[in-house]
J.: 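I'd like to ask some things about the structure below.
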Amino acid sequence: MCAARIRQRCATMSAMNSPSVAVRFALLAFAVLTCVPDTAPIAIAGELPAIASRQRAEKKSFTDAEIVDGFLKTAFGAEYHLAGRVDRIRKFDGPVRVFAESDRADRKAQLAKVVADIGTRVQHLDIAMTDTSEAANVRVKLVRDRDLNRTIASFYGAEKAREIRTSLDPQCLSGFRKNDNFEIEHSDVILTVDNGDFTFLDCAYEELLQSLGPINDTASVPWTMFNDNVSMGYFDVYDQYILNLLYDPRIKPGMTVLEVRSVLPEVIADVRIWVKRVNNLAE
């Protein structure tokens, strides 16, 4: 499933591999982002004019109903679904450690800033970089655009790689595997390094956040980066609400929509306090 937009094309797909002994590979979320490259050298989010202008215009005040609507639409379901249940909460249930594989020190530094920013803004998520792949449960492969197809094939096999190229012509993608309790056990993210700072940061934020659980894109919520028509390049306030709801301890892997709805009123009250404080939001 793919949605077109001006200067940028985006799609999300989920799929399931065959079950292994104790783990099923589930809900592979493939997100595609293509846009005109930025030329700013090794910039962080706040230094890019394209991002700064979005931050100035960003909507930061939302009703409970608006927040809940986006959370339910992204935390449940899958835009492109081949197999497996998508009617349960999926999330990591422990520390998240991210390993970056690349010879581009500048992009690794940018990625580390993205990970640190996510960790600062999601209260109950323990996420950080690690120097060893053995210690990681999120692996980020940073590749040149010309090497992307070969990298996809090495991750997912030649047949699935052909399907991805034919359907999506991706510029970056992510996927995760979960266990029978809907706990994410490992995520893989592939990012291209040579398409400009805005594209890199836009991909990095969206793919890392989707690899944490909210994989379903929605065209009906205009404030989330999980909308094919929206490009951010930074961790916006609305998506901070979504991730903070998802990683609140009262929202557990495997929960149904009805189970989540029963605890959301108390959870959202606490999440509002946190998001307001970490973003210095006015009343």
Side-chain angles (χ1 to χ4, degrees), residues 12-17 19-31 33 44-45 89-144 147-148 150-157 160-161 164 170-193 200-215 225 235 239 243-244 246-247 249 253:
T12 299
M13 180 176 74
S14 73
M16 175 173 285
N17 293 334
S20 61
V21 175
V23 178
R24 291 179 301 168
F25 287 85
L27 306 169
L28 288 171
F30 300 103
L33 293 168
I44 59 175
I89 288 290
R90 298 137 310 188
K91 61 188 282 190
F92 282 97
D93 191 28
V96 177
R97 294 295 176 262
V98 181
F99 175 75
E101 183 180 344
S102 176
D103 58 1
R104 283 281 300 265
D106 57 336
R107 293 303 190 203
K108 290 176 71 172
Q110 285 179 309
L111 180 69
K113 290 178 183 292
V114 169
V115 170
D117 187 39
I118 292 171
T120 298
R121 296 179 187 279
V122 183
Q123 184 176 16
H124 297 289
L125 175 64
D126 177 2
I127 184 171
M129 299 294 294
T130 181
D131 293 329
T132 64
S133 59
E134 293 79 13
N137 48 13
V138 176
R139 177 177 56 159
V140 181
K141 181 81 169 177
L142 304 174
V143 303
R144 292 172 296 182
D147 297 326
L148 180 60
R150 183 167 66 249
T151 304
I152 293 171
S154 72
F155 273 51
Y156 304 114
K160 186 167 290 183
I164 293 168
Q171 192 161 41
C172 52
L173 56 87
S174 63
F176 62 71
R177 71 173 184 257
K178 66 175 182 61
N179 61 25
D180 290 337
N181 295 320
F182 296 89
E183 299 162 342
I184 300 174
E185 295 192 328
H186 184 87
S187 294
D188 287 300
V189 176
I190 305 174
L191 304 176
T192 55
V193 298
F200 180 79
L201 291 169
D202 200 27
C203 280
Y205 273 107
E206 181 171 354
E207 299 307 326
L208 277 172
L209 292 174
Q210 287 197 310
S211 77
L212 297 173
I215 68 164
M225 70 179 73
F235 196 5
D239 290 315
L243 269 296
N244 274 283
L246 180 61
Y247 276 87

J.: Go through Arg90 and Ile215 one step at a time and tell me if the side chain to side chain contact (heavy atoms under 4.5 Å, CB included) criterion holds.
T.: CA-CA 9 Å; Arg90 298 137 310 188; Ile215 68 164; 4.3 Å; yes
J.: If you take all heavy atoms of Asp147 and Thr151, which pair is closest and at what distance?
T.: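 Scanning both residues completely, I find the closest heavy atoms to be O-OG1, 2.8 Å.
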J.: Testing Val115, Ile184, Val98 for side chain to side chain contact (heavy atoms under 4.5 Å, CB included) with Val138, which one passes?
T.: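 Testing Val138 for a side chain to side chain contact (heavy atoms under 4.5 Å, CB included) against Val115, Ile184, Val98 leaves exactly one candidate, Val98.
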J.: Which heavy atom of Glu185 sits nearest a heavy atom of Asn179, and at what distance?
T.: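 In terms of heavy atoms, the two residues are closest at OE2-ND2, 3.1 Å.
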J.: Between the side chain of Asn181 and the main-chain N/O of Glu183, is any donor-acceptor distance below 3.5 Å?
T.: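 No, the answer is negative, given that no donor and acceptor are paired below the 3.5 Å cut-off.
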J.: Any side-chain to backbone donor/acceptor pair from Asn137 onto Arg97? Under 3.5 Å, distance only.
T.: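 A pair under 3.5 Å: yes.
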J.: Is the backbone N or O of Phe92 less than 3.5 Å from a side-chain atom of Tyr247, with the two atoms forming a donor-acceptor pair by type?
T.: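 Yes, Tyr247 side chain to Phe92 backbone: donor-acceptor pair under 3.5 Å.
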J.: Distance from Glu206 atom CD to Leu208 atom CG, nearest 0.5 Å?
T.: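 It is 10.5 Å, given to the nearest 0.5 Å.
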J.: Please examine the side chains of Leu246 and Val122, heavy atoms only from C-beta on, and report whether any two atoms are closer than 4.5 Å.
T.: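 No, side chains not in contact.
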J.: Dump the intermediate steps for side chain to side chain contact (heavy atoms under 4.5 Å, CB included) on Arg139 and Phe155, then the final yes or no.
T.: CA-CA 11 Å; Arg139 177 177 56 159; Phe155 273 51; 3.6 Å; yes
J.: Between atom CG of Leu125 and atom CD1 of Ile118, what is the distance when rounded to the nearest 0.5 Å?
T.: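 Here the interatomic distance stands at 8.0 Å.
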J.: I need the minimum non-hydrogen distance between Thr130 and Phe99, along with the two atoms involved.
T.: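 So the two residues come closest at O-CD1, 3.5 Å.
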J.: Would you indicate whether the side-chain heavy atoms of Phe200 and Leu191 approach each other to under 4.5 Å?
T.: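 Sidechains of Phe200 and Leu191: in contact.
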J.: For Asp239 and Met225, work out which heavy atoms get closest and say how close.
T.: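 Scanning both residues, the minimum pair turns out to be OD2-N, 2.8 Å.
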J.: CD1 of Ile190 to NZ of Lys141: how many Å apart, nearest 0.5 Å?
T.: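 Between atom CD1 of Ile190 and atom NZ of Lys141 there are 8.5 Å.
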J.: Once you round to the nearest 0.5 Å, how far does CG of Leu243 lie from NE2 of His124?
T.: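 Leu243 CG to His124 NE2: 13.0 Å, rounded to 0.5 Å.
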J.: Side chain to side chain contact (heavy atoms under 4.5 Å, CB included) between Val193 and Asp106: does it pass, once the steps are laid out?
T.: CA-CA 9 Å; Val193 298; Asp106 57 336; over 6 Å; no
J.: Starting at NZ of Lys113, measure out to OG1 of Thr120 and round the result to the nearest 0.5 Å.
T.: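 With rounding to 0.5 Å, NZ (Lys113) is 11.5 Å from OG1 (Thr120).
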J.: Checking Phe235 against Val114 for the side chain to side chain contact (heavy atoms under 4.5 Å, CB included) test, could you report, in this order, the C-alpha distance in whole Å, the side-chain angles of both residues, the deciding distance, and whether it holds?
T.: CA-CA 9 Å; Phe235 196 5; Val114 169; over 6 Å; no
J.: Specify the closest pair of heavy atoms between Phe176 and Ser187, including all atoms of both residues, with the distance to one decimal.
T.: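 Closest approach of Phe176 to Ser187: CB-OG, 3.2 Å.
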J.: For Asp103, is there an ion pair with Lys108 - N to carboxylate O distance below 4.0 angstrom?
T.: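 Salt bridge between Lys108 and Asp103, a charged N being under 4.0 Å from a carboxylate O: no.
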J.: For Ala100 versus Met129, what's the shortest heavy-atom pair and its separation?
T.: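 Looking at all heavy atoms of both residues, the shortest contact is CB-CE, 3.9 Å.
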